[in-house]
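In this chain, numbering begins with 1 at the start of the sequence shown.
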Amino acid sequence: SAFVGHVSWILGIAAAPDGHRFATCSSDKTVRIWDVATKQNIHTFDGHTDQAWDVAYSKDGTRLASCGDDGMIQIYSCEE
């Protein structure tokens, strides 16, 4: 089965250090965090005003960075 959520092209993907989650970014201007086991979108960030090009986790997995065509770098907290 597929991971369903983005409404346009996925442009970047990054695995979380714990191996249980990964993040994607898309031309739909969103960044999403996914649960590998359940294949569910567990959080969506919508801070970009243009397509998001890349995502990267911090080494400890507590933060996620994204960059986009809007010229912004967004930093998100991934702590639960």
Looking only at atom types and distance, does a side-chain atom of D28 sit under 3.5 Å from a main-chain N or O of V7, one as donor and one as acceptor? yes

Mind checking the CD1-NE2 spacing from I42 to H20? Nearest 0.5 Å is all I need. 11.0 Å

For residues S58 and P17, report the shortest heavy-atom separation together with the two atoms involved. O-CG, 3.6 Å

Could you tell me which non-hydrogen atom of R63 sits nearest to which non-hydrogen atom of D60, and how far apart they are? N-OD1, 4.4 Å

Within the 4.5 Å heavy-atom criterion, are V31 and Q74 side-chain neighbours or not? no

C78 and Y57: which non-hydrogen atoms are nearest, and at how many Å? SG-CE2, 3.9 Å

Measure from the side-chain N and O atoms of S27 to the backbone N and O of S8, and report whether any donor-acceptor pair falls under 3.5 Å. no

Is the shortest heavy-atom distance from the side chain of F45 to the side chain of I33 under 4.5 Å? yes

Minimum heavy-atom separation for T30 and T44, please, with both atom names. CB-CG2, 4.0 Å

For C25 versus D54, what's the shortest heavy-atom pair and its separation? SG-N, 3.3 Å

Greater than 12 external heavy atoms within 6.0 Å of I73's CD1: no

Interatomic distance, CD1@I13 vs CZ@F22, rounded to 0.5 Å, equals 4.5 Å

Supply the atom-to-atom distance Q51 CD to S26 OG, rounded to the nearest 0.5 angstrom. 8.5 Å

I need the minimum non-hydrogen distance between H48 and D70, along with the two atoms involved. ND1-OD2, 3.0 Å

Quick one about D35 and Q40 (side-chain donor to acceptor, distance below 3.5 Å, no hydrogens or angles considered), yes or no? no

Spacing of CG belonging to L11 relative to CH2 belonging to W53, to within rounding of 0.5 Å: 5.0 Å

